[in-house]
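Below: one structure, written as structure tokens.
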Number of protein chains: 2
Amino acid sequence: MPELDRVIHEPARLRILMVLSGVDEADFNFLLSTLGLSRGNLSAHMDKLEQAGYVAIEKGFNGKIPHTVYRCTMAGREALAEYWRQLDAIRGLSAQP
Amino acid sequence: MPELDRVIHEPARLRILMVLSGVDEADFNFLLSTLGLSRGNLSAHMDKLEQAGYVAIEKGFNGKIPHTVYRCTMAGREALAEYWRQLDAIRGLSAQP
DNA sequence: CAGACTAGTTTGTGATACAGACTAATTGGC
DNA sequence: GCCAATTAGTCTGTATCACAAACTAGTCTG
């Protein structure tokens with residue numbers, strides 16, 4: 001029985017990964033406004049994604065204010081592809097005459 | 001921002017609904033062996049699905065032993081279809097050159 | 001009658017999504 | 001210079017929830 005990756009399965013993180021996988025890099029505020037999460041929530045999700053090795057976090061400064069940039073790793077892209085495969089498998093679970 | 005139906009989004013329940021939507025009716029043990037859940041877990045999920053109005057539960061007896069049959073309701077089928085639509089929307093979130 | 005099995009349900013627990021409080025630094029008004 | 005407000009995140013408290021183990025109710029076997 002194939003199991004869905006719970007790190008990716010969470011809707012907020014799924015959206016984050018989908019956005020990141022299409023965009024090369026994104027900063028905190030971009031994701032914040034794109035996804036409509038609270039800051040605390042976004043921060044927590046990015047932590048999880050980093051711990052899973054799915055995103056890389058680069059902390060720096062934009063002039064004098066802190067600025068964090070997120071990037072989807074190769075492992076993240078692969079896990080995401082695998083996730084969609086598993087979901088397709090489930091989707092095929094119903095239809096047969 | 002379209003939100004995924006959390007009742008359906010849980011992998012165990014998604015599988016339950018996919019099976020039920022393709023099968024007209026199924027009993028406890030069939031789902032148990034098909035999905036490989038614990039009895040407690042399956043029972044709890046079926047409760048949730050019933051409370052959401054996605055499955056109908058019919059309790060009866062098979063001879064003298066209790067026998068419960070589950071059926072996917074129309075609302076369940078619609079919610080499931082809507083769920084896949086939302087997921088497709090998310091899936092289209094990344095890809096464009 | 002005692003022990004084992006069947007079909008579920010209830011309960012306890014550990015994990016976790018989310019938001020609101022908090023920190024640290026910067027900028028603007030007076 | 002100083003107070004307030006803003007920015008960029010992080011930390012903490014809470015309420016939910018998936019899961020399994022224990023339990024219930026009743027049946028069957030020896």
Side-chain angles (χ1 to χ4, degrees), chain A residues 1-20 25-71 83 86-87 90, chain B residues 1-20 25-52 54-71 83 86 90:
Chain A
M1 177 87 64
E3 206 40 75
L4 289 171
D5 186 336
R6 291 282 186 162
V7 173
I8 296 185
H9 190 61
E10 176 62 28
R13 286 194 294 264
L14 179 56
R15 285 196 169 89
I16 291 170
L17 276 184
M18 288 308 286
V19 169
L20 280 186
E25 77 173 36
D27 63 19
F28 193 86
N29 282 329
F30 174 75
L31 292 174
L32 203 58
S33 58
T34 301
L35 302 167
L37 304 170
S38 69
R39 293 203 295 277
N41 200 6
L42 178 55
S43 177
H45 284 313
M46 298 318 289
D47 262 23
K48 281 232 158 177
L49 287 170
E50 188 193 25
Q51 273 178 29
Y54 295 164
V55 309
I57 305 185
E58 288 165 47
K59 288 176 183 303
F61 286 85
N62 203 348
K64 292 182 174 180
I65 63 180
H67 188 239
T68 307
V69 171
Y70 304 95
R71 206 180 294 267
Y83 175 78
Q86 299 294 354
L87 216 52
I90 294 176
Chain B
M1 176 88 63
E3 204 41 75
L4 290 172
D5 185 336
R6 291 282 186 162
V7 174
I8 297 185
H9 190 60
E10 176 61 29
R13 287 192 295 262
L14 178 57
R15 285 195 168 92
I16 291 171
L17 276 185
M18 288 307 287
V19 169
L20 280 185
E25 77 174 35
D27 64 18
F28 194 85
N29 283 328
F30 174 76
L31 292 174
L32 204 58
S33 59
T34 301
L35 302 167
L37 304 169
S38 70
R39 293 200 298 276
N41 200 6
L42 177 56
S43 176
H45 284 312
M46 296 319 287
D47 260 24
K48 281 232 158 178
L49 286 170
E50 188 193 25
Q51 273 178 28
Y54 295 164
V55 307
I57 305 185
E58 286 164 49
K59 289 176 184 303
F61 287 86
N62 202 349
K64 292 182 176 181
I65 61 179
H67 188 239
T68 308
V69 171
Y70 304 95
R71 206 180 294 268
Y83 175 78
Q86 299 295 353
I90 294 176

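A note on names: the letters A, B, ... follow the listed sequences, proteins ahead of strands, and every chain is numbered from 1. FYI, side chains are in, hydrogens and waters are out, and symmetry mates aren't considered; it's all heavy atoms of this structure.
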Nearest-Å distance, [atom1] ([X]) to [atom2] ([N])?
X	N	atom1	atom2	answer
A/Leu42	C/dC18	CG	P	11 Å
A/Phe30	D/dT7	CZ	P	19 Å
A/Asn62	D/dG9	CG	C1'	15 Å
A/Leu31	D/dA8	CG	C1'	14 Å
A/His45	D/dT10	NE2	P	14 Å
A/Glu58	D/dA8	CD	C1'	17 Å
B/Leu4	C/dA17	CG	P	14 Å
A/Arg6	C/dG14	CZ	P	18 Å

Within the 4.5 Å heavy-atom criterion, are [X] and [Y] side-chain neighbours or not?
X	Y	result
B/Tyr83	B/Leu17	no
A/Ile90	A/Gln86	no
A/Tyr54	A/Asp5	yes
B/Ile57	B/Leu49	no
A/Arg15	A/Leu37	no
A/Phe30	A/Val19	yes

Think A/Lys48 has a side-chain N or O under 4.0 angstrom from the OP1 or OP2 of C/dT16? yes
Double-helix bend of the helix from C/dC1-D/dG30 to C/dC30-D/dG1, axes at both ends from 5 pairs, round to 10°, gives 10°
Would you list the pairs meeting salt bridge (charged side-chain N to carboxylate O under 4.0 Å, His left out) in which at least one residue belongs to residues 45-71 of chain A, sequence neighbours left out? A/Asp24-A/Arg71, A/Glu25-A/Arg71, A/Glu58-A/Arg71
Okay, side chain of A/His9, backbone of B/His9: is any donor-acceptor separation there less than 3.5 Å? yes
Without swapping roles, check the side chain of A/Ser43 against the backbone of A/Arg39 for a donor-acceptor pair under 3.5 Å. no
What one-letter contact string describes nucleotides 2-12 of chain C from 5' to 3', where B marks a base within less than 4.0 Å of any protein heavy atom, S marks contact via sugar-phosphate atoms alone, and - marks no contact? -----SBBB--
